[in-house]
Amino acid sequence: MSEETNQLIAQRRQALQELRRRNIDPYPYSFDPTHRAADLHREYGDYTAILGEPRVRIAGRIMTRRIHGGSSFAHLQDETGRIQIYLRRNVLGQEDYETFRRLLDIGDILGVEGKVFRTRTGELTVEVESYQLLAKALRPLPEKWHGLTDVETRYRQRYLDLIVNPHVREVFRKRTLIVQTIREFLNRRGYLEVETPILQPLYGGANARPFTTHHHALDATFYLRISNELYLKRLIVGGFERVYEFSRDFRNEGIDRFHNPEFTLMECYEAYADYERMMDLTEEMLEQVALAVHGTTEVEFQGQKLNFARPWRRISMVEAIRQTTGIDVLAQDVAGLRKLLLERGLPEEDLETEWGSLVAQLFEETVEKTLVQPTIVYDYPLEVSPLAKKKRGDQRFVERFEPYVAGMEIGNAFSELNDPDDQRKRFEAQMARRRAGDEEAQPLDEDYLRALEYGMPPTGGLGIGIDRLVMVMTDMPSIRDVILFPQLRPES
RNA sequence: GACCCGUUAGCUCAGGGGUAGAGCACCGGACUUUUAAUCCGGGGGUCCUGGGUUCAAAUCCCAGACGGGUCACCA
């Protein structure tokens, strides 16, 4: 049904006209509440006596209405919750009472002044002595009982979701709490929060296809960053010893429960640290996050009990594969690994060609989903890690780890590669992959190499996928449930 | 990108070849402590879009749009 003919909208527009005819401004400029709903519940909780007829002003959206003859009840909802209001004809007067009854609707924003009391049934209530319409709603809200469940509408019209589904507001409050907890955790350790370019002339720091755009005045191609890694390490070269950034990154890839084209990665870098120090940092940080959100290190996610208490299980990738499958990848060559992957049902055309890439592929196929409890998997193959330093004593691997929770990668960390010549070779290997058709291989960044040639101290780096962390901490099964405005196809 | 499922009133959902349904919301009436208020009466539809089959399509078939799930890619 079109908006013009929608009966419910038409009725509300008529009420709007009538309000204006009565010289009531449906969109006034301000209101000055003395309390919010939660303040009232805190001050005058269930067993508290209400003395001296306290007068309060409170503002919010009308969420329910129970209209009787000469008196009516309604609930106002503000950011903190709901409070019942009570309106009586002989208190408000005939005109104001009838205006409330006839011309105001569920969804309208209202400011009221009145005294706090408790009803016969014990509910804390404000008896309204005067009220002011603060904004007229022209569209009806979803149903009070079932709320809004249609996921498409919930994502496209998140404002509506937030109005009628209180638990959704809770998820996003927790998201902010998580970000704040990490920020304070790093600040306490002397990390400096910085901002680096989102529009980059060359993308790097991860394997992904970028979004491409164009700057008219410079007549130059720019990319939305897929990572801020190379910029943060330039800052380490510059002499900042501990830096971090909550980085909105953009990757031109598929969308599913675990991927949104724009997502948030917290990356931090610490001079003079190696990956073991970053493992400690990771465990401490995420333990703090669990405590901040849940008050305990135990977190329930999709029916599984996860415990973020230190120390976490730490296992090398080679050992993890051995424990899960019995396979010793160190005893396998390329042909052997390919055969093992074929046996596990992988189509031949999907198989990698390099030894280390095959090891990583075998790990992803067999081990990843088994890593339910917080686990650190370390020592990744050289071929899949072009920015990480080679492992002490074994040149086939690099000093890299990923924290896993509930079968999800929620981070990525290295002893950062600071040998400029080695870094150039790694870039060149990436360029070779590119020429072979790998669109996600990393381009060679000459300025980054130049920076490394000035000398970067040994450095530990860590990235944490904030969206996935929030999923785990809020028990949400989809990344769309933890991003306020997830990417959808444009409405036609 | 491939496959499977879904799309019916403002919302939540039934219905599955023969007059378009319910609850809430809405409108009118009664009601000055209700809270899923209650009681009486009423209005409201591009059944996602476009084609096809049929005497007849919301229903069956085809194509498309949008959403969800799985797979692929990625974090």
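Throughout, a chain's letter reflects where its sequence line sits, starting with A, and its residues are numbered from 1.
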Check your understanding: Taking only residues two or more places apart in sequence, or in another chain, which ones meet E195(A) in a side-chain contact (heavy atoms from CB on, under 4.5 Å)?
Key -> E245(A)
Proximity to RNA chain B (any heavy atom under 4.0 Å), residues of [range] only:
{"range": "residues 144-156 of chain A", "result": "K144(A), W145(A), H146(A), G147(A), L148(A), T149(A), D150(A), V151(A), E152(A), Y155(A), R156(A)"}
{"range": "residues 462-486 of chain A", "result": "R468(A), R480(A)"}
{"range": "residues 337-356 of chain A", "result": "none"}

Taking salt bridge (charged side-chain N to carboxylate O under 4.0 Å, His left out) as the test, write out the residues that go with [X], two or more places apart.
{"X": "E352(A)", "result": "R433(A)"}
{"X": "R158(A)", "result": "D161(A)"}
{"X": "R42(A)", "result": "D39(A)"}
{"X": "R468(A)", "result": "none"}

Review point. Are a donor atom and an acceptor atom from the side chains of T80(A) and R36(A) found within less than 3.5 Å of each other?
Key: no
Check your understanding: Do R480(A) and N260(A) meet the criterion of a side-chain donor-acceptor pair at a distance under 3.5 Å?
Key -> no
Below 3.5 Å between N/O atoms, which protein atoms pair up with nucleotides 39-41 of chain B? Just atom names and distances, please.
none

Review point. Residues two or more places apart in sequence or in another chain: which of them pass side chain to side chain donor-acceptor pair (under 3.5 Å) with Y275(A)?
Key: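 So Y275(A) forms a side chain to side chain donor-acceptor pair (under 3.5 Å) with D379(A).
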Practice item. Apply the test side-chain hydrogen bond (donor to acceptor under 3.5 Å, both in side chains) to residues Y203(A) and T212(A): give CA-CA distance (whole Å), side-chain angles for both, the deciding distance (0.1 Å), then the verdict. Key: CA-CA 10 Å; Y203(A) 59 96; T212(A) 305; over 6 Å; no
Practice item. For rG67(B) versus rA30(B), give the span between their P atoms, rounded off to a whole number of Å. Key: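 Nearest-Å result for rG67(B) against rA30(B) at atom P: 48 Å.
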Check your understanding: Which value, in whole Å, describes the distance between the P atoms of nucleotides rU7(B) and rC61(B)?
Key ->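 That atom pair is separated by 14 Å.
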Exercise for review: State which of rC73(B), rG10(B), rG67(B) makes the closest approach to the side chain of L488(A).
Suggested key: rG67(B)
Study note, to complete from the structure: Between K174(A) and the options V482(A), V293(A), D475(A), the side-chain contact (heavy atoms from CB on, under 4.5 Å) test singles out V293(A)
Distances for protein N/O vs nucleotides 28-34 of chain B N/O pairs under 3.5 angstrom?
unit_1, atom_1, unit_2, atom_2, d
rG29(B), OP2, R102(A), NH1, 3.0
rC31(B), N3, G69(A), N, 3.3
rU32(B), OP2, G70(A), N, 3.1
rU32(B), O4', S71(A), N, 3.4
rU32(B), O4', S71(A), OG, 3.3
rU33(B), O2', R120(A), NE, 2.9
rU33(B), O2', R120(A), NH1, 2.9
rU33(B), O2', R120(A), NH2, 3.3
rU33(B), O2, R120(A), N, 2.8
rU34(B), O2, R66(A), NE, 2.6
rU34(B), O2, R66(A), NH2, 3.0
rU34(B), O2, Q84(A), OE1, 3.3
rU34(B), N3, Q84(A), OE1, 2.9
rU34(B), N3, Q84(A), NE2, 3.0
rU34(B), O4, Q84(A), NE2, 2.7
rU34(B), O4, T119(A), OG1, 2.9

Check your understanding: Is E95(A) salt-bridged to R22(A), going by a charged N under 4.0 Å from an acidic O?
Key -> no
Check your understanding: Within 45° of the six-membered ring axis of F172(A) and under 6.0 Å from that ring's centre, is NZ or CZ of R175(A) located there?
Key ->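 Checked: cation-pi criterion not met.
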Review point. Is a donor on one side and an acceptor on the other found under 3.5 Å between the side chain of R225(A) and the backbone of T196(A)?
Key: yes
**Study point:** Heavy atoms of other groups near E348(A) CD, more than 12 under 6.0 Å
**Key:**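 It does not: E348(A) CD has 12 such atoms or fewer within range.
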Point to revise | ring pair (Phe, Tyr, Trp, His ring centres under 6.0 Å) partners of residues 365-389 of chain A, not counting sequence neighbours, each pair once | key: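 Output for this query is empty, none listed.
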